[in-house]
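Below: the structure, in structure tokens.
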Amino acid sequence: MAGSIIVLATAGVIIRPFRLLEAIWAVTGALALVLLGLLPWGDALTGVRKGVDVYLFLIGMMLIAELARREGLFDYLAALAVQHARGSPRRLFLLVYLVGTLVTVLLSNDATAIVLTPAVYAATRAAGATPLPYLFVCAFIANAASFVLPISNPANLVVFGARLPHLGEWLRQFSLPSVASIVVTYLVLRFAQRRALKEEKIETNVAKPELSREGKFTAYGIAAICIVLLGASALDVQLGLPTFICGVVTAAVVLIASRQSPWPVVKDISWGVLPLVAGLFVMVEALIQIGAIGHLNAMLHAAVAQSGPKTAWGVAIITSIADNIANNLPVGLIAGSVATSDHLPPQIVGAMLIGVDLGPNLSVTGSLATILWLVALRREGLHVSAWRFLGLGLLVMPPALLAALSLMIY
């Protein structure tokens, strides 16, 4: 019964029947487990507490991303890319890809999906370009660059939890796979969009918006946050609290300098993400209590005993496919629970992470970032069918996954 409730709640998060928010389905599933006596209240609260670091991280990142959006920082970056393209669609494609990489690495993949996507749409429309090829860049780079740094994807915190590697170890393990993921994704995506780009004609004289003083303060704040978070990671400190403090301090400085009220910024943050994540943590706790996580852990250890590299390939492929069935956030929580329930070789946990982070580039249901990207497109009156995205994802994701895993495992 517990398994059925978890499956139905997860399906509700992905499909959103009756257009109810994702958080409603996750919280309903968690409450059902408790009210039906399938999970004690104490264990449910334990599950919620396990996510505290993730909640703080998300609040800090959402706050600074919303501030950057309101102060026009993303519009400025997108317009700058159009200006430096000098009329070349191919150069514009590359510049948007580089901006998307930078935003993903420093502000997380959700910021690329939620905030950069509308900015790229507006900038490409102003340049007379067809927006969709450049908008695909926002979707795919949001996942392809999401394991460059621990801060690049909330799923990274979910998979590793309190055992997040310090910065030096992270870079040693994931630098080359990240470069491979970013480069291969670019090459395949650029090849797939070659005809659309060949037919493009874009303006060479496009007005660039001025970046306000507050926008500059926000940019400095983002740079400071990155330095603080990299320092925290290097010192093996959990990232949630430093992210939260940096986000609040940056917002306070910008809002006080511009004499703005904080309520418009606070109001526009997607607070529903927090109960969504909390509900998923509770459901994973239920899987631990019924023994599902322990069973997976035993299977994994048996496979590692047979062959470490083969197991690494297997778990990466399985998690990358599972992302697109159940979304990478619950899959990441399950993978994290399996990884932390007993000591596993770093190679295996790293393969899990790459599968969780990169697998969502296959379909629109793969990650919250991709779903949010789709929502951002619909707000602009654009529609990308699940089949069209899947057709492109089948070209882009497998070679990037193959390249990234090859460099990490061997």
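For Asp53 against Leu241, the heavy-atom pair with the smallest separation is OD1-N, 4.0 Å. Between Gly332 and Val159, the closest heavy-atom pair is O-CG2, 3.8 Å. Across every non-hydrogen atom of Ala113 and Pro118, the tightest pair is O-CD, 4.5 Å. Listed here is the closest heavy atom pair of Pro242 and Val228: CB-CG1, 4.4 Å. Taking every heavy atom of both residues into account, Gly215 and Leu73 meet most closely at O-CD1, 4.4 Å. Scanning all heavy atoms of the two residues, the minimum distance from Gln193 to Phe136 falls at NE2-CD1, 4.0 Å.
Qualifying ring pair (Phe, Tyr, Trp, His ring centres under 6.0 Å) partners for Phe244, counting only residues two or more places apart in sequence or in other chains: none. Under the side-chain contact (heavy atoms from CB on, under 4.5 Å) criterion, Ser178 pairs with Phe147, Val148, Phe174, not counting sequence neighbours.
Taking the side chain as every heavy atom from C-beta outward, Pro330 and Met283 never approach each other to under 4.5 Å. Residues Leu377 and Tyr121 are not in side-chain contact: their nearest non-hydrogen atoms beyond the backbone lie 4.5 Å or more apart. Counting heavy atoms from C-beta on, the side chains of Ser337 and Leu287 never come closer than 4.5 Å. Between Leu276 and Val13 the shortest side-chain heavy-atom distance falls below 4.5 Å. Counting heavy atoms from C-beta on, the side chains of Leu372 and Ser367 never come closer than 4.5 Å. A heavy-atom distance below 4.5 Å is found between the side chains of Ser233 and Leu239. Looking at heavy atoms from C-beta onward, Arg69 lies in side-chain contact with Asp268 at the 4.5 angstrom threshold. Within the 4.5 Å cutoff, no side-chain heavy atoms of Phe281 are placed close to those of Thr46.
With Asn361 contributing its side chain and Met397 its backbone, the two residues share no donor-acceptor pair below 3.5 Å. The main-chain N or O of Asp43 is never found under 3.5 Å from a side-chain atom of Gln289 such that the two would form a donor-acceptor pair. For the pair Ser146 (side chain) and Val105 (backbone), a donor-acceptor distance under 3.5 Å is absent. In this structure a side-chain-to-backbone donor-acceptor pair under 3.5 Å is present from Tyr97 to Tyr186. Checked by atom type and distance alone, the side chain of Asn327 never pairs as donor or acceptor with a backbone atom of Thr10 at under 3.5 Å. Checking side-chain atoms of Ser175 against main-chain N and O of Arg172 turns up no donor-acceptor pair under 3.5 Å. Put simply, the side chain of Trp271 gets close to the backbone of Val266: a donor and an acceptor are under 3.5 Å apart. Panel note: side chain Tyr55, backbone Val277; no donor-acceptor pair is recorded below 3.5 Å. Tyr220 places no side-chain N or O within 3.5 Å of a backbone atom of Thr250 that could act as its donor or acceptor partner. The main-chain N or O of Ala400 is never found under 3.5 Å from a side-chain atom of Thr185 such that the two would form a donor-acceptor pair.
How far CD1 of Ile141 is from CG of Leu189: 9.0 Å, rounded to the nearest 0.5 Å. Atom CG of Leu116 sits about 13.0 Å away from atom CG of Asp110, to the nearest 0.5 Å. Going from atom CD of Glu66 over to atom CD of Glu71 covers 10.0 Å, rounded to the nearest 0.5 Å. Note that CD of Glu380 is 8.5 Å distant from CG of Leu135, once rounded to the nearest 0.5 Å. The distance from the CD1 atom of Ile59 to the CG atom of Leu274 is 5.0 Å, given to the nearest 0.5 Å. Atom OG1 in Thr218 sits 11.0 Å away from atom CZ in Arg70 (nearest 0.5 Å).
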Exercise for the section: Could you walk me through whether Leu45 and Arg49 pass side-chain contact (heavy atoms from CB on, under 4.5 Å), step by step? Expected result: CA-CA 6 Å; Leu45 291 175; Arg49 283 196 297 269; 3.8 Å; yes
Practice task
Show the numbers, then the answer: is there a side-chain contact (heavy atoms from CB on, under 4.5 Å) between Trp373 and Asn143?
Solution key: CA-CA 11 Å; Trp373 172 83; Asn143 295 313; over 6 Å; no
Problem - Leu56 and Val52: CA distance, side-chain angles, deciding distance, side-chain contact (heavy atoms from CB on, under 4.5 Å) verdict - result: CA-CA 6 Å; Leu56 291 172; Val52 168; 4.1 Å; yes
Practice task
Kindly indicate, with the supporting measurements, whether the criterion side-chain contact (heavy atoms from CB on, under 4.5 Å) is fulfilled by Met1 and Leu36.
Solution key: CA-CA 10 Å; Met1 187 181 291; Leu36 292 174; 4.3 Å; yes
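In this model, a donor atom of one side chain and an acceptor atom of the other lie less than 3.5 Å apart for Asn324 and Ser363.
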Under 3.5 Å, side-chain donor or acceptor atoms of residues 381-396 against the rest of the protein: list the pairs with distances, not counting sequence neighbours.
from: Ser385; atom 1: OG; to: Arg388; atom 2: N; distance (Å): 3.0

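For the pair Arg194 and Phe191, the cation sits on the ring face: its NZ or CZ lies under 6.0 Å from the ring centre, inside 45° of the axis.
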